[in-house]
There are 4 protein chains.
Amino acid sequence: MASKKPTVQPSADCPRTLGRPRSERARCAILNSTLKFFESRQNGYIDLTIEEVAARAAVGKATVYRWWPNKAALVADAFAFGATQKLHFPDTGSLVNDVTQQMQQLVKILRGRRGHVVSVILGAGQSEPMLLTAFRERFIMPRRAEATGTMQRGVARGELPASVDIDHLLDALYGPIYFRFLIRHKELTPQFVESHCRLVLQRVLPVDKSRGKNH
Amino acid sequence: MASKKPTVQPSADCPRTLGRPRSERARCAILNSTLKFFESRQNGYIDLTIEEVAARAAVGKATVYRWWPNKAALVADAFAFGATQKLHFPDTGSLVNDVTQQMQQLVKILRGRRGHVVSVILGAGQSEPMLLTAFRERFIMPRRAEATGTMQRGVARGELPASVDIDHLLDALYGPIYFRFLIRHKELTPQFVESHCRLVLQRVLPVDKSRGKNH
Amino acid sequence: MASKKPTVQPSADCPRTLGRPRSERARCAILNSTLKFFESRQNGYIDLTIEEVAARAAVGKATVYRWWPNKAALVADAFAFGATQKLHFPDTGSLVNDVTQQMQQLVKILRGRRGHVVSVILGAGQSEPMLLTAFRERFIMPRRAEATGTMQRGVARGELPASVDIDHLLDALYGPIYFRFLIRHKELTPQFVESHCRLVLQRVLPVDKSRGKNH
Amino acid sequence: MASKKPTVQPSADCPRTLGRPRSERARCAILNSTLKFFESRQNGYIDLTIEEVAARAAVGKATVYRWWPNKAALVADAFAFGATQKLHFPDTGSLVNDVTQQMQQLVKILRGRRGHVVSVILGAGQSEPMLLTAFRERFIMPRRAEATGTMQRGVARGELPASVDIDHLLDALYGPIYFRFLIRHKELTPQFVESHCRLVLQRVLPVDKSRGKNH
DNA sequence: CAATAATCGAGACGGTACGTCACGTCTTCTT
DNA sequence: AAGAAGACGTGACGTACCGTCTCGATTATTG
């Protein structure tokens, strides 16, 4: 579907010159009104209406449809627009420390205002492949790439065996976080994060150095 | 919430004798038509229309609304109605075996027809607390209770330390499964299940027998 | 349409014996609840609901349908059931007096509680021939027959010419009453009745005796 | 009642410039489809369905509700929209002639296609004050105003006494027409009109010239 | 500077599904 | 057999949003 509606800025080869230029005010107002809707908690993807988004942004409905083909695209863009940039891995020299600290940051986000947007997107994404893909590409994957770097540093330092399956390890680390976040059967506390990091990494660490190696 | 609309069977204190009794045919037709809708894959919770459910079940719309207050309740009931009963833990004498086998069954379900219903419910549940609660109570929790039993057998057998946090352990086991199931960043293969079980359950024993004690 | 549902009481030749006899209580309750509905003023035929009639009469809906084929029949019966019997022509020896007195009684009814039922029936009757016919046969015609008698007495007394068209005369007398009653453009006062009787009868009376005949 | 839904054309104080303008095509299609429904005879006000009106006009249901608050308003407007304009009093120099001719026109309309609309409106109007009022203001009253003019000419010409109660006289003239039209107990023939006009207007003159004065 | 062109706000349009209500029928048990 | 209770399939109700379509007004570039 080569849509005529450019979600991103016009590419350089397209003149993009005639007529009134797109209103930046409108764009921001729309994205913000979308974010605001979710951040109030309680409301879900289904309850989000373009009609209301437009009204709250003091924008014509057509202006929304001109730039976003559907609700999913709008929500994905809104999320990216407001995405927290400050979610990074430190480099303290200790794998466990690095991972734990980053996961604590993640959990803080998930439990905060912005967290609701994440669950809404993941939820709606189950019925809207586009939305899920967008979330994966824009949120999960970049962080995963960085996490891979952290793991490789761990391997280099000898904290992890060279044979470790990093993808598996990341799922083992983050899976239970999202599990509790999405199923809500138990609270997602910092204590849980702490203890979970230890649980998983303890299993992949080479045998405790203090006890001596096995060979 | 003392709703007038009893989704469950009438409690004993209600005479339940006056008037025409509820049609069992209608009830089944409605639930089946709901299930069928999701099992076709592709369609999401938003696309499910009470109007269509009623029509496909050859039932009046009002009959649906008489017994289910909203779409979420209907879907939850439909899921429970068709819920796979054959998802149980064997008792092979080996914790790893028991858990692995049950998780393989679970993954088979998640990857099959019924799996789509699960993702739809979990997805919609992010915006409909009632739906999520229903799914948790009816699907997750019963299995979790059984799993707890299996773990306790493991403790009794000495495969797990008495101090183990079973809730945490279950999240460590199942979280990554659901993570891959919901985020879809990597395929949810039997190999992954196998290897993940090993990862989490290995070295849980207070002392790995094959390596001998340290003192 | 030889309906199985007898609106009138069973004829004598029908045994009418098997099973539980029709409940007189139910019949009265239904008719009364129907009348009561209209007498509150404000509510119209369209707003009358069999559901509500049954509920207010503490009667099963089916019991209403068993005895009355439709709303029109029910309303017609209810009207007949509660029909004022005290609408008769006096015989004072003076045509003008007789007619005036009866018309004043009629107007009193039309302006009272029961009047609303009349307008409702006439109104609904415009779209339900059966209802209009019922009202005509049960209310208009009997009175008209009596009026015809009064007129004939007038002819006998020499108050009216023998050539008078009684049907026309009655329409000239009652038409304007119902006109004001139904169109509501002017109030239907006793003064109007008084003056209208004089207007019409003055035109059909033989030339005023006090002035003597012309030849 | 300062309704937001303007049934009439926008008043001058309203800019009426923003947004897409109201579709004249839709307005006409709706009114015509309403009229057509009644002109088929047989069907009554109750049977008229907004759903069907909209469908037959190839118009969204919401468009009907946007401009007319209820069925009554729609029917009233439809009637006004198609209202016969050619119902006027001639000025032949003779009161009896003028009135007779106009009443014959009226009766022709009442007995024709459009007559059914009139009876439907008057009927439904008995339960819907708004509808009755609309009919009175738009149909009855304008004609009555004109009739008053005709009567006043009669007074000027000496055909009527200056003291005549014109309202009463008009009711005496038109009441019986509508009486027969609504009760349907006798046919509404041109002969009846002819003879009724004569009845009411004869001897209205203070002194019948043809017979000479009495003193 | 005027013409051109795309966007803006506003809001009406033809639709679809909503959740409710009453219809007239039915099925049960009770009287 | 008739009663009350109340669930049934049906279909219209009036509402809310959908995504599209005019409008007049605005804001840039181009001739």
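The structure displayed is predicted, hence computed values, not measured ones. Protein chains get the first letters and strands the later ones, always in sequence-line order, with residue 1 at the start of each.
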Under 4.0 Å between a side-chain N or O of [X] and OP1 or OP2 of [N]?
X	N	result
A/Arg66	E/dC8	yes
A/Trp67	E/dC8	yes
D/Arg25	E/dA12	no

Polar pair under 3.5 Å, donor/acceptor by atom type, side chain A/Lys61, base E/dG11: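 No such pair is found, so the answer is no.
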
Check: F/dT26 base within 3.5 Å donor-acceptor of A/Arg20 side chain: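 A donor-acceptor contact between them is present.
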
Grab the [atom1]-[atom2] distance between [X] and [N] for me, whole Å please.
X	N	atom1	atom2	value
A/Glu52	E/dG11	CD	C1'	18 Å
B/Arg22	F/dA7	CZ	C1'	10 Å
A/Asn70	F/dT20	CG	P	11 Å
B/Leu74	E/dG19	CG	P	11 Å
D/Glu51	E/dC18	CD	P	14 Å
C/Tyr65	F/dG3	OH	P	16 Å
C/Ile30	F/dG3	CD1	C1'	11 Å
B/Leu48	E/dA17	CG	P	12 Å

Side chain to side chain donor-acceptor pair (under 3.5 Å) assessment of A/Tyr45 paired with B/Gln126: CA-CA 9 Å; A/Tyr45 182 78; B/Gln126 298 308 315; over 6 Å; no

Nearest-nucleotide comparison on DNA chain F, the residue closer to the 5′ end among D/Ala62 and C/Val59: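 Counting from the 5' end, the first nearest nucleotide belongs to C/Val59.
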
Along DNA chain F (nearest heavy atom to each residue), the more 5'-positioned of A/Pro21 and C/Thr63: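 First, find each residue's nearest nucleotide; the 5'-ward one identifies C/Thr63.
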
Main-chain N/O of B/Ile30 paired to B/Thr34 side chain as donor or acceptor, under 3.5 Å: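 Pair found, side chain donor or acceptor close to backbone of B/Ile30.
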
Minimum side-chain heavy-atom gap D/Glu52-D/Phe37 below 4.5 Å: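 Answer yes - side chains close enough.
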
Heavy-atom check, side chain of C/Trp68 versus side chain of C/Val64, under 4.5 Å: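 When only atoms from C-beta onward are counted, C/Val64 and C/Trp68 do touch, with a gap below 4.5 Å.
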
side-chain hydrogen bond (donor to acceptor under 3.5 Å, both in side chains) partners for A/Glu39, two or more places apart: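 With sequence neighbours excluded, A/Glu39 shows a side-chain hydrogen bond (donor to acceptor under 3.5 Å, both in side chains) to A/Arg113, A/Arg114, given in chain and number order.
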
Toward the 5' end of DNA chain E, by each residue's nearest nucleotide, B/Ile50 or D/Ala57: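 Final value for this comparison: D/Ala57.
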
